[in-house]
Visitor: 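Below: one structure in structure tokens.
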Amino acid sequence: MRLVRQRGTSLELAVRKIVAGLGARYRTCVTSLAGSPDLANRTQGWAIFVHGCFWHGHEGCRFATIPKTNRSWWEAKFEANRARDRKKRALLTRAGLRVATVWQCELKHPERVSKKLQKVISPR
Ligand SMILES: [Zn+2]
């Protein structure tokens, strides 16, 4: 289990592959944008976050388990993570970007993720 956020994880690599498959160009870990999205193309106006279900507290997800020890601490931690994620999305949306979040559990079905990302990358 990872305790620190890393870059270039297998989750991110899987999403990069899908985005590349859509023919889109992108930058990774875009610190020039609010919330430093994992993938983004500012010119085209889109940003993508890649979230591990556990750390980001994916609601209703079977991977988002709450450890039995220090339960209330973990619940507060996950809620804080969720709130931070919501804020990041809101900042980017306000800046006029189309934002998508890809969850770890969704990557079981890359074709669905591809469809979802297509709407953000090249809508219409
Ligand atoms: Zn999930």
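Remember, it's 1-based here, ligands and their atoms both numbered in the order they're listed. Residues: numbered from 1 along the sequence shown.
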Visitor: Pairs in or reaching into residues 104-123: which pass ring pair (Phe, Tyr, Trp, His ring centres under 6.0 Å), with residues at least two apart or in two chains?
Guide: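 Every pair satisfying ring pair (Phe, Tyr, Trp, His ring centres under 6.0 Å) with a residue in residues 104-123: there are none.
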Visitor: Testing T9, L13, D38, T28 for side chain to side chain contact (heavy atoms under 4.5 Å, CB included) with V50, which one passes?
Guide: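 The option that passes is D38.
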Visitor: With sequence neighbours left out, write down each residue that passes ring pair (Phe, Tyr, Trp, His ring centres under 6.0 Å) with F78, or none if nothing qualifies.
Guide: F54, W74
Visitor: Would you call K68 and E75 a salt bridge, using N to O less than 4.0 angstrom?
Guide: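 Salt bridge between K68 and E75, a charged N being under 4.0 Å from a carboxylate O: no.
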Visitor: Donor-acceptor pairs under 3.5 Å, side chain of residues 113-120 to any protein atom, not counting sequence neighbours: which ones?
Guide:
{"residue": "K116", "atom": "NZ", "partner": "T101", "partner atom": "O", "Å": "2.6"}
{"residue": "K116", "atom": "NZ", "partner": "E106", "partner atom": "OE1", "Å": "3.0"}
{"residue": "K116", "atom": "NZ", "partner": "E106", "partner atom": "OE2", "Å": "2.9"}

Visitor: Could you give me a count of protein N/O/S atoms that are under 2.8 Å from the Zn ion (ligand 1)?
Guide: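 Protein heteroatoms (N, O, S) closer than 2.8 Å to the Zn ion (ligand 1) number 4.
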Visitor: Side chains of D85 and H56 only: does a donor on one sit below 3.5 Å from an acceptor on the other?
Guide: yes
